[in-house]
Peer 1: 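My questions all concern the structure below.
Computed from a predicted structure; not experimentally measured. Just so it is clear, the values below take in all heavy atoms, side chains as well, and ignore hydrogens, waters and symmetry mates.
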Amino acid sequence: MLSLEAVSAGYHGLAILHELDLTVGEGEIVALVGANGAGKTTTLRTISGMVRPSSGSITFDGRRADGARTSDLVARGLVQVPEDRALFGPLTVEENLRMGGWLRGRDRLDEALAEVHELFPILAERGKQAAETLSGGQQQMLAIGRALMARPKLLMLDEPSTGLSPKLTWAVLDAIKTIRDRGVAVLLVEQNAHQALALADRAYVLESGTSVLSGPGPELARDDRVRAAYLGL
Amino acid sequence: MTATAAEPRATETPLPRLPWNRHLAVLGVLAVVMIPLPLVLPAAQQAVAVRVLIFALMAIGWNVMSGFGGMFRFGHAAYFGIGAYTTARLVAEQGVTPWLGMVLGAVFAAAFAVVIGFFSLRYRLKGAYFALATFAFAEMLRLLATNSDFVNRAVGYNIPLEPESSWAMLQFEPGSPNYVWIVAALTVLAMAASIFFARSRTGQFVQAARDDADAAASVGIPVVRCKLMAMALSAAITAVAGAFYVQYYLFIDPELAFGSGVSIQAILPAVIGGVGTIWGPLIGAAVLGPLSDVTATLLRNPPPGLEFLQGRGGLDVIVYAVLLIVIVLALPQGIYGALRDRWSRR
Amino acid sequence: MSTDTTTAEAVAAEPRDRGRWRRGPYLRIAVTLVLVVAAIVLAYARSGSGTIVMQAIVTGVLVGGVYGLTAMGLTLIFGVLDIVNFAHGAFLALALFVSYWLVSAVGLHPYLALLVCVPAMFGLGVLIQRGVLSRAMGKPLQNQLLITLGISLLIENSLLLFFGADPRSVELPGERGVHILGAVADLSRVLAFLGALVLAGLLFLLLQKTRLGTAIRAVAANDLGAQLVGIDTRRIYAITFAVGTACAGAAGTLLAPLVTIEPHTGALFNIIAFVVVVLGGMGNVVGALVGGILIGLVEQLGALYLPGQSPLLSVFVVFVLVLFLRPQGLFGRSS
Amino acid sequence: GGGAQDRATGDPIKIGSLHPLSGSAAADGQQMENGAKLAVEAVNAAGGIKSLGGAKLELLSADTQGKPEVGQSEAQRIVSEGAVALVGTYQSAVSATVSTVAERNKVPFVIDISSSDSLLSQGYKNVFRIQPSSKVMGTQGAQYLSEVSKAAGKPAAKVAILHEQGPFGTTVKDGFAAEAAKLGMQVVSAVSYDPASVSDFTTQVAAVKASGANVLMVSGYYRDGVLLAQAVKTVKPGLDAVFGVANGAFDVPQFPAEAAGAGDGFFDSNYHFDAKNPETVALAAKFKAAYKAEMRTGAVLSYDAVRVIAAALEKAGKAEPAAVRDAIAQTDLASLIATKGPISFDETGENKNAMPILTQVQGQKVVQVFPADKAEAKPVYPASPGQ
Amino acid sequence: MTLLTVEGVSKSFRGLRAVDDVGFEVTEGSVLGIIGPNGAGKTTLFNVVAGALTPDSGAVHLGGRDITGLPPHRITAAGMARTFQLMKPFVSMSVLDNVAVAVMAGGGSRRTARTVAAEIVERVGLGQWRDQRSDGLPTAALKRLELARALAGRPRVLLLDEVLAGLVPAERAPVMELLEDLRENEGTTLVFVEHIMAAVMRLSDSVLVLDMGRVLTSGPPAEVVRDPRVIEAYLGEEPTGVES
Ligand SMILES: Nc1ncnc2c1ncn2[C@@H]1O[C@H](COP(=O)(O)OP(=O)(O)OP(=O)(O)O)[C@@H](O)[C@H]1O
Ligand SMILES: Nc1ncnc2c1ncn2[C@@H]1O[C@H](COP(=O)(O)OP(=O)(O)OP(=O)(O)O)[C@@H](O)[C@H]1O
Ligand SMILES: [Mg+2]
Ligand SMILES: [Mg+2]
């Protein structure tokens, strides 16, 4: 569904990603782990078209995706929940969600909304509240919910559990599984590498902008190098 | 640190030395270069040079507060006008030396800046709101001056001509190099003040507070006090520009002193040159000051093929406007900012 | 950033004037109204003539409507795109000249000029945003300020070049004095006021009730977020700016019968328009209308208190007071 | 001093013309620039300066943009390019800085328009002015009002004044009020306004109506003049006359059309070109042919200013600023604007014979109505403006 | 000896009681961990204690001195430093200058500030970033920069708002070691907010649990995590086994 081939990218001419290869298959949860600054966020930003790759190619759903604009990629079903959530602070929760369905027909919107409300009931309860007054955890749920409104084929999540209480962390990770079960592929960047690997069908270990290891998630979690470097064990 | 962390980018080097001394050295060289300048420039070019340096002074003043301090002001005319009016009133009505007016004007302007600044910070005005509040104060001064007998209402002041050249009264023969020398000296002083300020404790604190006021306060920086000091210095420098303006043009009225055009003139060179940089305002003034003369000259005697443009009113301003837009678009960091980026890239 | 609760951090930046004007807009509106009534009573005491005060109120409200009208496009651009648009007055002047041309050369009814002027200004807005301003998005305040300043110089002097400097005027057929509550006003001014009401209403509906409006607000709130839901933000920026210039177009047509049309006419309104925008709260079109009326009243009543002082002085005094009491404007949100 | 001495025989003699060709006063500035150009062409066509072997004149034009600093440096430039004299500049603030350049370089400066009284009270030797001073205009305006209203059998008893708040309007008002008191007219109110920001006069005119005045004296500029006419039409204050004094609108050819009938019957006591002078009429025709616009008084003043300089050159026989200055001080030249006599300057540089005349909007046209020797038509009084 | 006392502090935003009558004491040299669900009011509490917000009621004492309502820079001068959950670097400055400014603000002389700052930068492990402008730094480095700046004034009390959030587990270790070192060798008192329970368990002497603005419970970490109310409100039932 998504594949990166020898992608290099960076900021202001400074390369962060070096010839990165990566694939995500239909209905898969793929985790991306790596040290701080390894380039995980940059990878997601590059896939989403916010950073232009300097070389290499990205294909999504059988078509070239590098060079496309972020909003066009969303239309093609490639949706990201960024690190900082990028909510519409002054808009209400419901408006945020409805904006999530910007590209969808008006009629299907209520249906999608109901699905999101089912997944995160709190969002239905707080429908009229301005997004910026939600607590951190609620904001995270709203961000994921908004992304789901676009009915993505591939959902990319950048550190969805950071700053959440343990209880909410479980809830979010649980929701990710539910999302996958509904047939959406997920590319997950997560600091709680332990959980991420446990959850993932496959995982990549990123080091200085290249993938140094990959394989089924639980298998990597048992890899000594990974344990030493990322799990702090 | 783990072995897998991103590659180190900086290797172990001794503490880098800050380039302050280099700035001062450049300033010194510049000062020396300026000395013979008025001797070779014809009188008309000297007038342009003086105008450029007055702009530069205003922009240096603006930059101290709005560039280093990040408090975007749109009302520097207030300080300029206070400097100008203090001098004009003292000279025209009391016959006192303009040097005194310059000093007093700087003091008054600084005091005014501190009072207004205090209230603006106290009520936490920010961004465009702050800019427009400062603008409102400048406008209020203009309207007050226009209607106040104390400063001759809208008539303003004519500075009486001295029969002889006089250092005390700051008046010389037309075309005298002294004018250029004096305003150049004032500019060098203002530059030095700006350099010293930027490297001073307060200057560093103000720059930190510009980046993030909450964080600055949290490390123990008295944010309000530092900002007020920046405002005071900024106002004083700008007031000196006003005082010199009066002495050079020998005339001031409320619009010239407090009009919004004056505020824009303080901002333009700084932005073109590079906001928040040491050299930006000076470079910006040097580029912008003569620009309108150049376009006017060009259109007075248009190059072959463009003769039909000659003598069309407004065309020079159009050319100027287009150049302005192009410069701002092409060099968003300003000229000095762009140069610095290029150097540091290497 | 990988952390949350921007709000909790933003709290630290909020003014500490706890308790003041806290009970939402109703109290604010009530306080404003009380102050306005007090000002009227004082004006009556001072001038001793009911007709004059009535005239001042009617004129103030009508003139204020015009101020609100000129500020509407500005507040939209200011609030959404964060651009301090110095060229707004020049757009207004351009619209005035277009209207003039349509009336004098083509022979349209002055108000029918709207049909041409508004779309034309919309198109110009798209061109300018796409061609020039989009390149300065996200740049600091002062850069955009200088660019719009350049645009305004460009437009004004182009008008000078093409139309010459002679003042022009547009006459409204059937122009006459209209009696309102014992005061009189030009018909064209009353119509301009009504136009301002309609425009404010339309813009309000556009922003609050339509999908496009929600998208505009979304882009204003978070550019990246908007891209991530599939909004073509470039388009929204262009549209928003164009709607702003189209407002200037509408204002220009409505004002044409009221003002002397010169290349610099628009600049006269620029300063007051900025004041109105800040008073009303950035991005708040209804606030702009209310702010405009307030300024109109201050100006007219102020002239009764302080004959001889410029009415602008009272305007600025009120402006600064409001800023200090409510830094986000009368009807703005703290952000 | 200027570089005029460098002039090789056969080179043209340079005269500087400084006007606001762009900016908010561009309309008047361009008129004046064109007037100066026509004067130079006329002198050259008539054989140049004969005492200098038929030397031709050359106009060095500069756009002051209405900015004093620009005016100053442009004046400096023009002087160093060898101009023997300057004309200009419309705005008083610009004239002030140009005056200092003229005085210090000892190059004569003939002001065509700039009304501020302080310009000539500096004791400068090289500054002259053709238009009447604000004070003269105020005083004379009151006299005209008194005479015209008395002659009509409805003497103006109560006058309300509305004036722009700048030095110009204030000085005119002071001169007018003082003279009016002498002539037995009562000034019932004097209200000032800010010409830059005013957008409606209905309240002021309503107040005038309430005050029971029978004449409204107005001193201001063009844009505000048009606004006032609209307000008068709307409020219908029932006055005998709206009487402009040095008003920048009421005697301008476009005014009747722009005010769309609202300005009918408005008087203006102002310096004005002399429409009864055949030379002026010829100039107006020439102006219209060359620039496709109605000639305004400003253009004629600039025309006269250049003629003053040309005459001085003729008399001096030397293209040197100092000689020209001395010759200008001796000027005795018939004027194309309405004056009491030929242009001639007193020791402060003021035109001794400058005077305003009275015009009135009659039948959508501005016509001269007073004094009798300048009148094209009889004054209509009471004029019942706005009815 | 009690160093920091917070008594009955409350703070509301437009009717919402973000912090409601919260009080606690911290003895010199000890470590207090604060946990609680998102939106419980932890950051707001920090803002009140550090002077960024004025409390509606209640008082804060530092070393016996009433510091309630003092401006933040005075509180810092009194010996308390804090970090921000949402990192706030001085973006136009290098990492070193960020810290050097803080050293100067803490009273250091201008001449030695950079030398002192360089030591701190090394100590928090930012050496490799030292001369880089702080705006392009990765999260981990920014978190450390927050810490470095707070250390510059040699505070007696350090308030840390989620300094470990966003760090991968392996990178948390050196920071935790640093905090332990501060406490052992310099006697610095620590108050920290953290969601990473492993760190809370390892570092704190006692734990304060906030929920909906109020104190839910407090006590030694091992006891607190067994409290059913804490599990219900905050910890939840972990589906796959506790992370170490
Ligand atoms: N806007 C930017 N400008 C310049 N450099 C950047 C920018 N954003 C990130 N970088 C650099 O790119 C590198 C990789 O950053 P990235 O955010 O992709 O890492 P990450 O793996 O997501 O780390 P973290 O776990 O801290 O989120 C870092 O060294 C960072 O300094
Ligand atoms: N400016 C504000 N306006 C309204 N409510 C606010 C504001 N700031 C914070 N709040 C609310 O106050 C409550 C406490 O917020 P706070 O940031 O202190 O929580 P926290 O415990 O730090 O949460 P987290 O663990 O997510 O960081 C939340 O409900 C939040 O929505
Ligand atoms: Mg990241
Ligand atoms: Mg928090």
Side-chain angles (χ1 to χ4, degrees), chain C residues 47-49 51-60 62-63 66-67 153 156-157 160-161 164-172 175-178 183-189 257-265 267-269 271-272 296 299-301 303-304 307-313 315, chain D residues 20-31 65-66 163 165 170 189-211 221-227 230-231 233-236 249 252-255 257-262 291-294 296 386:
Chain C
S47 72
S49 154
T51 30
I52 295 181
V53 173
M54 205 58 226
Q55 182 68 51
I57 293 170
V58 169
T59 310
L62 293 179
V63 168
V66 168
Y67 292 159
L153 286 177
E156 282 175 0
N157 287 282
L160 186 64
L161 204 60
D166 283 334
R168 285 143 211 279
S169 62
V170 167
E171 194 190 342
L172 182 68
E175 173 73 295
R176 63 199 150 84
V178 179
V184 281
D186 296 337
L187 178 64
S188 54
R189 201 173 278 284
L258 289 176
V259 299
T260 300
I261 302 173
E262 289 172 300
H264 290 78
T265 304
L268 298 175
F269 290 98
I271 286 174
I272 295 223
E299 198 186 271
Q300 292 292 321
L301 295 174
L304 292 184
Q309 284 290 347
S310 168
L312 267 183
L313 191 60
V315 168
Chain D
L21 304 181
S22 57
S24 55
D28 292 285
Q30 292 185 3
Q31 280 259 344
Q65 301 172 20
H163 66 96
Q165 64 179 14
T170 313
S189 67
V191 173
S192 70
Y193 63 89
D194 179 2
S197 67
V198 70
S199 58
D200 190 298
F201 279 112
T202 34
T203 308
Q204 287 90 331
V205 176
V208 168
K209 184 180 184 180
S211 74
Y221 300 107
Y222 186 82
R223 193 183 70 88
D224 30 323
V226 176
L227 282 175
Q230 286 165 352
K233 188 175 179 200
T234 311
V235 176
K236 305 202 192 325
V252 175
Q254 305 71 335
F255 171 74
E258 174 152 6
Y291 302 111
K292 322 246 169 329
E294 293 290 342
R296 296 197 207 169

Peer 1: Strictly by modelled atom types, are D/Thr202 and D/Thr234 linked by a side-chain donor-acceptor pair under 3.5 Å?
Peer 2: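 There is no such pair between these side chains.
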Peer 1: Say whether, by atom type as modelled, one donor and one acceptor occur between the side chain of D/Gln30 and the main chain of D/Leu21 under 3.5 angstrom.
Peer 2: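 Side chain of D/Gln30 to backbone of D/Leu21, a donor-acceptor pair under 3.5 Å: yes, one is there.
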Peer 1: I'd like to know whether D/Leu227 forms a side-chain contact (heavy atoms from CB on, under 4.5 Å) with D/Gln230, so could you lay out the CA-CA distance, the side-chain angles of the two residues, the decisive distance to 0.1 Å, and finally the verdict.
Peer 2: CA-CA 5 Å; D/Leu227 282 175; D/Gln230 286 165 352; 3.7 Å; yes
Peer 1: Side chain, backbone, both or neither: which part of C/Pro263 has a non-hydrogen atom closer than 4.5 Å to chain D?
Peer 2: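 Neither part.
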Peer 1: Quick one: which of D/Ala260, D/Ser189, D/Ser199 has the most heavy-atom pairs under 4.5 Å with chain C, could you say?
Peer 2: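 Heavy-atom pairs under 4.5 Å are most numerous for D/Ser199.
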Peer 1: Using non-hydrogen atoms and a 4.5 Å limit, figure out which bit of D/Glu258 sits close to chain C: side chain, backbone, both or neither.
Peer 2: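 The answer is both parts of D/Glu258.
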Peer 1: At a 4.5 Å cut-off on heavy atoms, which part of D/Val235 comes close to chain C: side chain, backbone, both, or neither?
Peer 2: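 Both backbone and side chain of D/Val235 come within 4.5 Å of chain C.
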Peer 1: Do any N or O atoms from the side chain of D/Arg223 and from the backbone of D/Val198 form a donor-acceptor pair under 3.5 angstrom?
Peer 2: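 Pair found, side chain donor or acceptor close to backbone of D/Val198.
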Peer 1: With only heavy atoms counted, which part of C/Glu156 is less than 4.5 Å from chain D, the side chain, the backbone, both or neither?
Peer 2: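 Looking at C/Glu156, nothing touches chain D.
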Peer 1: Any chance the side chains of C/Thr59 and C/Gln300 put a donor and an acceptor closer than 3.5 Å?
Peer 2: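 No, no side-chain donor-acceptor contact under 3.5 Å.
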Peer 1: Quick check on D/Ala210 against chain C: is it the side chain, the backbone, both or neither that has a heavy atom closer than 4.5 Å?
Peer 2: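 For D/Ala210, the side chain is the part near chain C, not the backbone.
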Peer 1: Between D/Asp28 and D/Tyr222, does a side-chain contact (heavy atoms from CB on, under 4.5 Å) hold up when you go through it step by step?
Peer 2: CA-CA 11 Å; D/Asp28 292 285; D/Tyr222 186 82; over 6 Å; no
Peer 1: Applying ring pair (Phe, Tyr, Trp, His ring centres under 6.0 Å), name anything that partners D/Phe201, two or more places apart in sequence or on another chain.
Peer 2: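 Partners of D/Phe201 under the ring pair (Phe, Tyr, Trp, His ring centres under 6.0 Å) test: D/Tyr193.
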Peer 1: Which bit of C/Ala185 is near chain D, if near means a heavy-atom gap under 4.5 Å: side chain, backbone, both or neither?
Peer 2: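 When you check distances to chain D, only backbone atoms of C/Ala185 fall under 4.5 Å.
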Peer 1: Under 3.5 Å, is there a donor-acceptor pair between the C/Glu299 and C/Tyr67 side chains?
Peer 2: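 A pair is found: one side chain offers a donor N or O, the other an acceptor, under 3.5 Å apart.
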Peer 1: Pick whichever of D/Asp194, D/Asp200, D/Val226 has the most heavy-atom pairs under 4.5 Å with chain C.
Peer 2: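 Most heavy-atom pairs within the cutoff with chain C belong to D/Asp200.
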Peer 1: Is chain C contacted by the side chain of D/Ala293, its backbone, both, or neither, given a heavy-atom distance below 4.5 Å?
Peer 2: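 Side chain only.
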Peer 1: When only pairs under 4.5 Å are counted, which of C/Met54, C/Arg168, C/Glu175 shares the most heavy-atom pairs with chain D?
Peer 2: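 Most heavy-atom pairs within the cutoff with chain D belong to C/Arg168.
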Peer 1: Under 4.5 Å from any heavy atom of chain D, what part of C/Arg189 do you find: side chain, backbone, both or neither?
Peer 2: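 When you check distances to chain D, only side chain atoms of C/Arg189 fall under 4.5 Å.
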Peer 1: Checking D/Thr170 now: which residues fulfil side-chain contact (heavy atoms from CB on, under 4.5 Å) with it, not counting sequence neighbours?
Peer 2: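 With sequence neighbours excluded, D/Thr170 shows a side-chain contact (heavy atoms from CB on, under 4.5 Å) to D/His163, D/Asp174, given in chain and number order.
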Peer 1: Which region of C/Ile272, side chain (C-beta onward) or backbone (N, CA, C, O), has a non-hydrogen atom less than 4.5 Å from a non-hydrogen atom of chain D, or is it both or neither?
Peer 2: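 Looking at C/Ile272, nothing touches chain D.
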Peer 1: Against chain D, work out which of C/Gly164, C/Gly177, C/Pro167 has the most heavy-atom pairs shorter than 4.5 Å and name it.
Peer 2: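 Answer, by heavy-atom pair count under 4.5 Å with chain D: C/Pro167.
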